[in-house]
Chemist: 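Please find one structure pasted underneath; my questions will follow.
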Amino acid sequence: MSSEISKVVIVGGGSAGWLTAGIIAAKLQGLRNEKVTVSLVESPDIPTIGVGEGTWPSMRTSLKMIGISESEFMSECDASFKQGSKFINWLDEDNHHYYHPFTLPIGYPGVDLASYIASDNRYSECHQSTFEQLVGFQGALCDNSLAPKQISTPSYGFVANYGYHLNAGKFSELLRKKCTEELGVKHILANLTKVKNHQNGDIASIELDNGMDLKGHLFVDCSGSRSLLLGEHYGVPLVELQGTLFNNRAFAAQVPYTSDSAPIASATLSTANSEGWIWDIGLQSRRGVGCVFSSQFDSQEKAEQLLYDYIRQSSSSETASNITLRSLQFEPGYRAEFWRHNCVAVGMSAGFIEPLEASALAMVEQSAHMIAEQFPRDQTQMKVVAKRLNQRVCAQWQQIIDFLKLHYVLSKRSDSPYWSAHRDANTCPQSLKDMLTLWTDRPPGPFDVPYADPLFPYASYQYVLYGMKFSVSPHHQEVGKQEMNNAQNLILENQRKRNQLMGVMPSNRELLSKINQYGMSGD
């Protein structure tokens, strides 16, 4: 048995499988004298779901690395721009909302404006502005459905940082085409029937229902929630999270726009209701809308009604009456190990918590990039890489759990047992309790995120914390006059930039129409 790692076998397609295949193939091509081959086995019997999904700005880097032009991506995937998330009605206040934008606060990280603003609520009150409005401009763009760039901005460049809303089914197909036609990925349509091991416990090959016995050195499990390799074959257990984050059900719907000129939202809308929350994602041709809830607290009938009511209010009664809902189930949790023997899991086979903050595709990206960056040359290196990445991915899951739970803990909704249970201290991770204790006296900072390149930087915690009106004690340290002047100058600079952009940025629909007609600069 050769110890050299040169054959990668990915089990499962969809966004997770094809994105992983593209990143690994693109990264490893040309880096070694030997040829690393990538094969992807996809079941012909599992239909593509094709719901709308949100990405993080990192997707721009991934697409560019794979070799997909932004114009082609936008056109082929019915994609639109996502500049962050807008949270609506998460407090018991009429018309309350706040943004978690992708653009970092002005001056970040050199100057932490939260030290001067959030620690003294009187500053925000006298300016009649929210924290996000004082430190950024992206909320104003989103309020007016404006784009994050202009048609003259180079492909993948930006004025305001952005990710995407996309049709997942169309995205998988574009990735498949790119991987097979340009990156040399071998596509095999078949079902897995048996897994064969070497004596040391590594996977030697997988048998397929087309008669093929597919050998490999590294097997990537992208088989979805069944987790055929890491979960079923190796028995790596799921760390269950229903005692912390309760959502495990969803209804999804495709909702047409009221007209061809209707605005396309610049952010994912996350609207809380008595039993959970509703997502609303604007693609070019339609909206993807869904209701997330917990079977512990809610009936399917009530969740359906809440979603239909939302569609009626945001569209029309006639539209709602013609909508068919798709029922989705998931078990919030993550595998206790990300990598065991020569098998590593990516996507839902590694874990899934819930749709809030769109961490799913971002975790696929991060996992695939880590595998490609740390790709082991031989089996001895693989043991070291597996240990290192297991520690890193476990820390990532813990951060996601804390960050998502933060939204629920801070909510003051009192209209159902669902929200009361989320605020129960017994359901809150100790790590989040500890941070909340510290944040009563100081803003979230770099020590609250203990590793480099986190999915959520400490600015993300600030946006949520102060967007939800977290109570902060007056800052204990004396702030110098020069420091305060610097902070005030940055806030004024941000105001000027916001006013400037509001006058020159096109609407999302206008820019998307131009991209489809002319393409982007540089493509």
Chemist: Could you walk me through whether Gln379 and Asn200 pass the side chain to side chain donor-acceptor pair (under 3.5 Å) test, one step at a time?
Modeler: CA-CA 11 Å; Gln379 290 172 326; Asn200 68 352; 5.1 Å; no
Chemist: Apply the side-chain contact (heavy atoms from CB on, under 4.5 Å) test between Gln366 and each candidate in Asp453, Leu455, Val393; give the one that qualifies.
Modeler: Leu455
Chemist: Under a plain distance cut-off of 3.5 Å, with no hydrogens placed, do Gln284 and Asn516 share a side-chain donor-acceptor pair?
Modeler: yes
Chemist: Show the atom names and distances, to 0.1 Å, of all donor-acceptor pairs under 3.5 Å that link a side chain in residues 7-23 to residues at least two apart or in another chain.
Modeler:
| unit_1 | atom_1 | unit_2 | atom_2 | d |
| --- | --- | --- | --- | --- |
| Ser15 | OG | Ser172 | OG | 3.4 |
| Thr20 | OG1 | Ala16 | O | 2.7 |

Chemist: Could you work out, with side chain to side chain contact (heavy atoms under 4.5 Å, CB included) as the rule, every residue matching Lys433, not counting sequence neighbours?
Modeler: Ala425, Cys428, Gln430
Chemist: Kindly determine whether Glu70 and Lys149 satisfy salt bridge (Lys or Arg N to Asp or Glu O under 4.0 Å), including the steps that lead there.
Modeler: CA-CA 13 Å; Glu70 192 169 26; Lys149 63 194 299 179; 3.1 Å; yes
Chemist: Just to verify, what does Glu337 make a salt bridge (charged side-chain N to carboxylate O under 4.0 Å, His left out) with, not counting sequence neighbours?
Modeler: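 Salt bridge (charged side-chain N to carboxylate O under 4.0 Å, His left out) list for Glu337, sorted by chain: Arg340.
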Chemist: With sequence neighbours excluded, what pairs up with Arg249 under the salt bridge (charged side-chain N to carboxylate O under 4.0 Å, His left out) test?
Modeler: none
Chemist: What residues form a side-chain hydrogen bond (donor to acceptor under 3.5 Å, both in side chains) with Ser285, not counting sequence neighbours?
Modeler: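 If we apply the side-chain hydrogen bond (donor to acceptor under 3.5 Å, both in side chains) test to Ser285, skipping adjacent residues, the hits are Asp78.
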Chemist: Does Lys405 have any side-chain hydrogen bond (donor to acceptor under 3.5 Å, both in side chains) partners at least two apart in sequence or in another chain, and if so, which?
Modeler: His422, Thr427
Chemist: Check this for me, if you would: do Asp448 and Arg442 make a salt bridge, where the nitrogen-to-carboxylate-oxygen distance has to be below 4.0 angstrom?
Modeler: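 Looking at Arg442 together with Asp448, the answer is yes, because their closest N to O distance falls below 4.0 Å.
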Chemist: Using a 3.5 Å distance criterion without hydrogens, assess whether the side chain of Trp339 forms a donor-acceptor pair with backbone atoms of His341.
Modeler: yes
Chemist: Among Trp277, Phe297, Phe293, find the residue that satisfies the ring pair (Phe, Tyr, Trp, His ring centres under 6.0 Å) test when tested with Phe246.
Modeler: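 When Trp277, Phe297, Phe293 are each tested with Phe246, the ring pair (Phe, Tyr, Trp, His ring centres under 6.0 Å) holds only for Phe297.
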